[in-house]
Amino acid sequence: MIITGKYPQLRLRRNRKREWSRRLTSENNLSVNDLILPIFIIDGKNKKIPIKSMPGVYRYTLDKLNSVVQSAINLGIPMIALFPFTKNHIRNSLGTESLNPNNLICKACRQIKKKFKYKIGIMCDVALDPYTSHGHDGIYNNNDVENDETIKILVDQSLNQALAGCDVLAPSDMMDGRVGKIRKALDVNGFKHVQILSYAVKYASGYYGPFREAVGSKNFLKGNKKTYQMDFKNSDEALREVALDIKEGADMVIIKPGLPYLDIIQKIKTNFKIPVIAYQVSGEYSMITNSIQKNIFKKDVIIETLISFKRSGANAIITYFADRIAKEL
Ligand code: PBG
């Protein structure tokens, strides 16, 4: 800590007095390069369906997707994250739709790659929950998810999505050892350039509710995800998770949720010099939007939360506000 001088010679308010001076001395800034936009997709034609618990967020059919992606490109957003809504009759206990080369995600990847090439990155989750009849991220037996059997499917899901043109695979399942197995499979199958953005630190959180509505798993989910997602009482464990995923070949890591876990973001960034992505999740989005609708908050509050991620050490933020905030920057 360097402290030079004292009041009245030293007046910290001097640097704050003018707008130009505040700009000049700002330590952190938010740019469009920091934003990752999640997009929900749904089967059908010519539809833009509102998500009740996430006012301002929609599910798009594929014929509407290109214009959403085009406007993200126009805004300069570097990457989108695709999430599928899956109808009940397509779900089963093993989530086999995840392996269908013509599933919604794969069709979307091919369509976007064909039209936009490498103008924007495409990130896809690796996990079975959008496709399972029980809403869990893997094979569910005796009130638990089987680790090693699940990984086998996740590896195939990864290859399926890579083949369709996904640039960044994001395992969000929290199985032990999946990053290494996915990396190996990608490398031997000609996808050595496909990146892995591991959801290394994903807490079993109450903030995921609106997302589960958005992808249609809310009514299916049996029990909770506490045997695989992390206990929010822990932070040493977050370091171990990240260390493990880096060893297994993760290119970047996600910390999730965002705002209640700024301490974790800071710890990870100071301990591991690796790109860190904060996920401002659906429940955080809903809370802020509801407050804005009730006129408690202003839009500035969104930017304040996003800057807090930067301050804590995040390189980028996955946020449902990405498109609207990009317009403000
Ligand atoms: C799927 C997944 C979830 C989220 C991202 N990927 C939900 C969950 O694990 O239940 C949550 C995202 C959000 O709440 O915005 N594994």
Side-chain angles (χ1 to χ4, degrees), residues 35-41 51-59 79-86 91 95 97-98 104-105 123-140 145 147 150-151 153-154 157-158 161 166 168-175 178-179 182 196-232 241 253-261 277-289 302 305-306 309 317-323:
L35 302 173
I36 298 163
L37 174 70
I39 304 175
F40 293 105
I41 51 179
I51 297 160
K52 252 198 234 111
S53 57
M54 300 178 75
V57 179
Y58 302 87
R59 303 183 192 100
M79 181 162 82
I80 54 169
L82 296 175
F83 294 105
F85 174 93
T86 311
R91 291 170 179 264
E97 177 66 6
S98 62
L104 200 51
I105 282 287
M123 157 187 161
C124 298
D125 260 32
V126 178
L128 302 182
D129 58 308
Y131 308 110
T132 51
S133 44
H134 41 70
H136 281 282
D137 294 30
I139 299 174
Y140 192 61
V145 170
N147 197 88
T150 296
I151 292 180
I153 306 183
L154 296 179
Q157 178 186 26
S158 300
Q161 293 180 159
C166 170
V168 177
L169 290 166
S172 67
D173 55 290
M174 289 300 281
M175 296 303 112
R178 87 284 206 213
V179 171
I182 292 170
I196 296 182
L197 168 54
S198 166
Y199 287 76
V201 182
K202 180 173 180 179
Y203 287 94
S205 167
Y207 286 90
Y208 305 150
F211 174 95
R212 291 178 189 162
E213 183 209 323
V215 299
S217 15
K218 189 174 133 213
N219 298 329
F220 296 99
L221 185 61
K222 290 199 173 83
N224 58 54
K225 301 190 176 184
K226 289 185 184 178
T227 68
Y228 47 108
Q229 298 180 349
M230 279 178 56
D231 185 336
F232 53 73
E241 283 286 1
V253 293
I254 293 178
I255 317 293
K256 177 185 175 196
L259 215 49
Y261 298 88
I277 314 288
Y279 197 145
Q280 183 174 51
V281 300
S282 59
E284 299 176 67
Y285 174 88
S286 299
M287 289 198 318
I288 295 172
T289 341
I302 300 169
T305 61
L306 298 176
F309 294 124
I317 307 126
I318 304 173
T319 171
Y320 302 95
F321 292 116
D323 47 350

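All ligand and atom numbering here is 1-based and tracks the order in the structure.
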Proximal ligand 1 atoms for [X], defined as those under 4.0 Å from one of its heavy atoms:
| X | answer |
| --- | --- |
| Tyr279 | 12 (C), 15 (O) |
| Gln229 | 8 (C), 9 (O) |
| Tyr320 | 12 (C), 13 (C), 15 (O) |
| Lys225 | 8 (C), 9 (O), 10 (O) |
| Lys256 | 2 (C), 3 (C), 4 (C), 5 (C), 6 (N), 11 (C), 12 (C) |
| Asp125 | 1 (C), 2 (C), 5 (C), 6 (N) |
| Lys202 | 1 (C), 2 (C), 3 (C), 6 (N), 8 (C), 9 (O), 16 (N) |
| Ser172 | 1 (C), 6 (N), 16 (N) |

Original post:
Side chains of Thr305 and Gln280: do they bring a donor and an acceptor to under 3.5 Å?
Top reply: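 Side-chain D/A pair, Thr305 to Gln280: present.
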Under the 3.5 angstrom rule, does the side chain of [X] hit a backbone N or O of [Y] as a donor-acceptor pair?
| X | Y | answer |
| --- | --- | --- |
| Asn224 | Lys226 | yes |
| Lys202 | Ser172 | yes |
| Ser282 | Phe211 | yes |

Original post:
Hey, is Val281 touching ligand 1 through its side chain, its backbone, both or neither, going by heavy atoms under 4.0 Å?
Top reply: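 Both backbone and side chain.
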Original post:
Using a heavy-atom cut-off of under 4.0 Å, does the side chain or the backbone of Asp173 touch ligand 1, or both, or neither?
Top reply: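 It is neither; nothing of Asp173 touches ligand 1.
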Subject >> Distance from atom 14 (O) of ligand 1 to nearest protein heavy atom, with residue and atom >> reply: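 The protein heavy atom lying closest is Ser282 OG, 2.7 Å.
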**OP:** Return the residue, atom name and 0.1 Å-rounded distance of the protein heavy atom closest to atom 1 (C) of ligand 1.
**Re:**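 Checked against all protein heavy atoms, atom 1 (C) of ligand 1 sits closest to Asp129 OD2, 2.9 Å.
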Original post:
Name the one of Thr86, Leu128, Asp129 that satisfies side chain to side chain contact (heavy atoms under 4.5 Å, CB included) with Arg91?
Top reply: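 Checked Thr86, Leu128, Asp129 against Arg91; only one passes side chain to side chain contact (heavy atoms under 4.5 Å, CB included): Thr86.
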**OP:** Check Leu37, Leu35, Ile288 against Thr319 for a side chain to side chain contact (heavy atoms under 4.5 Å, CB included) and give me the one that passes.
**Re:**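 Exactly one candidate clears the test, Leu35.
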Original post:
Hey, do the aromatic rings of Tyr285 and Phe321 have their centres closer than 6.0 Å?
Top reply: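 Yes: the rings meet the under 6.0 Å criterion.
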Original post:
Does the ring centre of Phe40 sit less than 6.0 Å away from the ring centre of Phe85?
Top reply: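 No, the ring of Phe85 stays outside the 6.0 Å limit from the ring of Phe40, centre to centre.
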**OP:** Establish, yes or no, whether the cationic atom of Lys225 lies under 6.0 Å from the six-membered ring centre of Tyr228 and within 45° of the ring axis.
**Re:**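 No.
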Original post:
Non-hydrogen atoms of Tyr285 versus ligand 1: any pair closer than 4.0 Å?
Top reply: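 Flag not set, Tyr285 not near ligand 1.
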